Amino acid sequence: MVRPIEERIMNERVRMKAKRDELLNRIEKEARGEKSKKLLKEIIQTESLSHLYWNVCVAPPVVAGCKGSTMTDVDGNEYIDFTGGFGVHAIGFSHPKVVAAIEEQAQRVLQYCEMPSEPRIELGKKMLEITPGDFEKKILWAVTGAEAIEAAAKLARYYTGRTNLIAFTGAYHGRTTGAMALTANAYFKNFHQLPVDTAVLRFPYAYCYRCALGEKYPDCNMACTRYLDNFFSSIQYGLRDPDRGITNVAGIFVEPCQGHAGYIVPPVEFLSELRKICDKYELLLIADEIMCGFGRTGKLWACEHSNVAPDLMCIGKAIGGGIPLSAVVGRQEILDCMGPGGHMGTFAGNHIACAAGLALVRVLLEEKIPERAARTGKYLVEKWLDLQDRHRLIGDVAGRGLFIGVELVKNRETKEPAAEETAWIQNECYKRGFLIQRAGYYGNRFNNYPTLMITEEEIDRAMEITDSVMSDAERKFH
Ligand code: PLP
């Protein structure tokens, strides 16, 4: 007799073999050159399937090099990249000042766990200076975005002595166990068990194009944050005593603008209302600026649009100039609460990454890159709105700086998601030399986040490609 666990393993083996075959088939049909094809097939043989999440196209290009805002693959094809290397390269791929800082630091010391270095100390001081909050702050170093989220969750729970956390629909905070529990995504459908004793309570994000409460901004008077306030003011919460209430919440994790959910930009009041709720009920506000920070939204930090200083802020991606680095910055008393050894790691605050990060911050500030992102973002939104006039598939265009989401619908009245069309358009754009990420609750949104150095000429080229692909899509699908 086959026992349930054996049956499950057998079924999984069959399912995974089918998945591998499907990927090989995609590679055979869709790879953009013989070299990419050969290398991608090798990847299927060697790398865990969990690592092979191809979101930008049906079969990804194998990267050979990147400059400015353009990527070149091993077969010599060039792509205008609207993902900025997935948000890592704020000031362009291989900025000469970042490369020089890496080379110089490499001559001194690559990494030395526990022993601080001058670049790390300098970058730390700079981060405390440039992050929101007119109070005593400290920084904690980590390596990946997810690890910064884990550290913030630990700090919040330790500091408040409460166990539970609040997160939002559509939230993405990473794929380690704790971060995954805060993430709302269906990718993790089999992993939604909660770590240890933490419960994550989920509330609707201000996704105004599809309001979960059926309201319309601004007439809604921020129904979503009022709903949250109502929850905390209710009797079940323990007569406003967070330590006794059944919900026992330590803090609210929020992306000031949501990334993986499809580049969703909430009204600026969303964050300021959350700040008020946190103050009223003595909760910590924890902003995840991993995707939207470092100038992307047209200000250095997305929180600044709402004049909000979070208690803790998680920072990642761009901070290391392309080398893995992340951090939590926030109120000194919270950052210090766990004491020595409370959270650390072998590669936390890596010296090369800090040297690169320091060079990056100097360029960002000296060359006023956030202001540049505000201008270029406006230009790109206008280009999309122009396309929207001509292509009925485009239902919504909204952005803040170079953080721009575009939603495709079959019908502008019913807003039926055009997921199949979006996937087809994305892959055609890739074939014609334009990389753009597809995301969203329904897989029908385009995330626009090129490097902050992208030029208007590059935007024009990308939009010309999109225009012709959308015309083809409309002929194909309608
Ligand atoms: N938080 C946000 C908002 C993100 O966009 C991401 C990654 O995309 C993460 C956290 C996780 O960062 P990492 O992939 O470096 O672990």
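On a predicted model such as this, the values are computed, not experimentally measured, just so you know. Numbering starts at 1 and runs along the sequence shown. For ligands, and for the atoms within them, numbers begin at 1 and follow the listed sequence. Values below: all heavy atoms of this structure, side chains included; hydrogens, waters and symmetry mates excluded.
In this structure, a donor-acceptor pair under 3.5 Å is present between the side chains of Tyr207 and Glu407. Side-chain atoms of Gln437 and Tyr449 include a donor-acceptor pair closer than 3.5 Å.
Considering only non-hydrogen protein atoms, atom 12 (O) of ligand 1 sits nearest to Gly145 CA, 3.3 Å. Of the protein's non-hydrogen atoms, Tyr172 CD2, 3.7 Å is the one closest to atom 4 (C) of ligand 1. In terms of protein heavy-atom proximity, atom 16 (O) of ligand 1 is nearest to Ala146 N, 2.8 Å.
The residue from Leu360, Leu452, Ile369, Ile91 that alone fulfils the side chain to side chain contact (heavy atoms under 4.5 Å, CB included) condition with Phe294 is Leu360.
With respect to Arg275 and Asp311, a salt bridge is recorded, a charged nitrogen being found less than 4.0 Å from a carboxylate O.
Of the heavy atoms in His260, only side-chain atoms (C-beta onward) come closer than 4.0 Å to ligand 1. Contact annotation: for Glu255 versus ligand 1, heavy atoms closer than 4.0 Å belong to the side chain alone.
Residue Lys317 approaches ligand 1 through these ligand atoms, each under 4.0 Å from one of its heavy atoms: 5 (O), 7 (C), 8 (O). For ligand 1, the atoms sitting less than 4.0 Å from at least one non-hydrogen atom of Met291 are 3 (C), 5 (O), numbered in the order shown with element in parentheses.
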Please lay out, stage by stage, how Glu118 and Arg108 fare under the test salt bridge (Lys or Arg N to Asp or Glu O under 4.0 Å).
CA-CA 11 Å; Glu118 283 173 342; Arg108 297 171 196 265; 5.5 Å; no
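Taking the centre and axis of the six-membered ring of Phe403, the NZ or CZ atom of Arg296 falls outside the cone set by 45° and 6.0 Å. Both the sub-6.0 Å distance and the 45° axial angle are not jointly satisfied by Lys317 relative to the ring of Phe86.
Closest heavy-atom approach to atom 2 (C) of ligand 1 within the set Asp288, Val143, Ile149, Ile315: this belongs to Asp288.
For atom 14 (O) of ligand 1, no protein heavy-atom neighbour is present inside the 4.0 Å cut-off.
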